[in-house]
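Here's the structure we're looking at; comments come further down.
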2 protein chains.
Amino acid sequence: MHHHLINQISHFIKLSDAEKEWISDRFATRRYEKGDYFLREGQVCREAGFIEKGLVRYFVTKEDGEDLTVDFNKEQEFTCNYASFLDHSPSNTSIQCIEPTTILCISYDDLQQLYLHVEEGQKFGRLICEYLYVLAIKKVDTIYRQQPEQRYLQFLDRYPELVSRLPQYYISSYVGVKPPSLSRIRKRLAT
Amino acid sequence: MHHHLINQISHFIKLSDAEKEWISDRFATRRYEKGDYFLREGQVCREAGFIEKGLVRYFVTKEDGEDLTVDFNKEQEFTCNYASFLDHSPSNTSIQCIEPTTILCISYDDLQQLYLHVEEGQKFGRLICEYLYVLAIKKVDTIYRQQPEQRYLQFLDRYPELVSRLPQYYISSYVGVKPPSLSRIRKRLAT
DNA sequence: CCTATCCGTTAACCCAGGTTAATAAATTAC
DNA sequence: GTAATTTATTAACCTGGGTTAACGGATAGG
């Protein structure tokens with residue numbers, strides 16, 4: 001029984017004991033080394049994941065080969081490229097493990113079964129999507145309203161724990177600037 | 001009976017005739033003049049709308065009072081600040097009618113009733129949210145990967161019809177630059 | 001312990017968009 | 001049809017991040 005997973009789902013809907021068992025059985029445990037990919041850009045994201053342990057980053061690759069880190073997920077969070085997962089389109093992002101990571105995975109078809117089989121399954125699907133939607137919108141808002149300097153401050157505020165788990169160039173990429181520029185920002189802030 | 005509305009919903013789920021009637025009855029018709037607000041920043045978005053006729057723009061207001069246009073919706077599209085609507089939080093965007101506009105409105109509670117009362121109601125809630133999610137993600141992607149010039153070209157491509165319905169400064173705001181800069185972009189492209 | 005590699009900072013120069021203000025064009029009002 | 005207002009363009013100057021390359025510190029491997 002995947003307790004962390006069941007606990008997270010239980011934040012959204014009520015589950016009977018039988019349903020907890022049934023759900024646990026749909027998830028397969030996958031282990032990844034640092035640097036391994038959960039998903040590569042261009043692939044269809046066929047499984048949704050729940051991070052049992054570890055840390056992943058999402059990035060897009062520009063035409064010139066540069067990659068831009070757009071998000072992070074850590075233990076006790078769900079991970080997948082939801083847009084690709086939903087409509088079986090090629091993913092526009094890669095998801096890479098940047099620590100040794102354990103992910104519980106469920107296939108698209110099994111998740112659809114979950115929506116049907118579990119009493120409040122459809123509601124869970126709706127709520128999880130609504131949750132992800134709100135996150136996505138906040139992201140848009142951040143990009144629209146904030147300067148790189150503010151985004152850096154916000155990153156420090158929101159992910160204080162990740163600062164020590166991440167190399168600086170992932171942070172600069174997340175903030176939307178190049179490493180030299182993040183250095184300048186840090187210098188400005190230090191005064 | 002609101003036929004346009006029912007048609008749109010029928011793209012997502014099957015509806016019985018009785019359900020079509022029932023749904024139609026939950027929506028109230030509201031009319032707006034050019035410049036009127038469907039929603040103001042800071043208010044909670046308590047109704048979801050379906051635009052029968054007209055055109056609205058979404059904008060956020062920065063601390064310095066400047067507003068940034070983040071999206072448009074036109075006839076036959078749903079409109080609301082979904083994040084605010086979902087969790088009753090103050091909206092971070094305003095929605096303003098920029099043409100005389102007719103909107104069919106349903107309250108939050110009635111929509112929850114719809115999820116329960118209509119056979120495939122929960123599924124509709126999930127699918128509409130998944131649809132909005134994919135749109136939001138595309139928006140993030142656009143901001144991340146594209147320069148203002150590319151966003152302008154994409155705007156021309158995606159909303160050719162809106163070019164003539166919108167003043168230029170809404171377009172420049174949507175593209176993410178100031179009017180003088182959009183002029184420079186247009187000049188560059190003209191050569 | 002020394003070397004090679006990686007990473008973060010710094011400097012110099014470049015460029016796109018911001019800012020401000022003036023002007024021209026297009027709408028709207030009367 | 002003319003005046004008033006709003007909107008679009010242009011010019012001059014400013015600013016912050018990009019680019020490239022050099023340097024220094026840290027880390028890892030031998």
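- With hydrogens and angles left out, the side-chain atoms of A:Asp67 and A:Thr61 include no donor and acceptor closer than 3.5 Å.
- Counted by atom type alone, A:Tyr58 and A:Thr79 present one or more donor-acceptor pairs between their side chains at under 3.5 Å.
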For this session: Test ring pair (Phe, Tyr, Trp, His ring centres under 6.0 Å) on A:His88 and A:Tyr108 and set out the steps.
Result: CA-CA 9 Å; A:His88 312 297; A:Tyr108 179 86; 4.3 Å; yes

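- Taking the salt bridge (Lys or Arg N to Asp or Glu O under 4.0 Å) definition, one finds that B:Glu75 meets it with B:Arg165, sequence neighbours left out.
- The NZ atom of B:Lys34 sits 11 Å away from the P atom of C:dT27 (whole-angstrom rounding).
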For this session: Heavy atoms under 4.0 Å is the rule here; annotate nucleotides 6-17 of chain C 5' to 3' with B where the base is hit, S where only the sugar-phosphate is, and - elsewhere.
Result: -SSBBSB----B

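- The interatomic distance linking B:Leu189 (CG) with D:dT9 (P) rounds to 12 Å, in whole Å.
- No side-chain N or O of A:Asp109 forms a donor-acceptor pair with one of A:Ser107 less than 3.5 Å apart.
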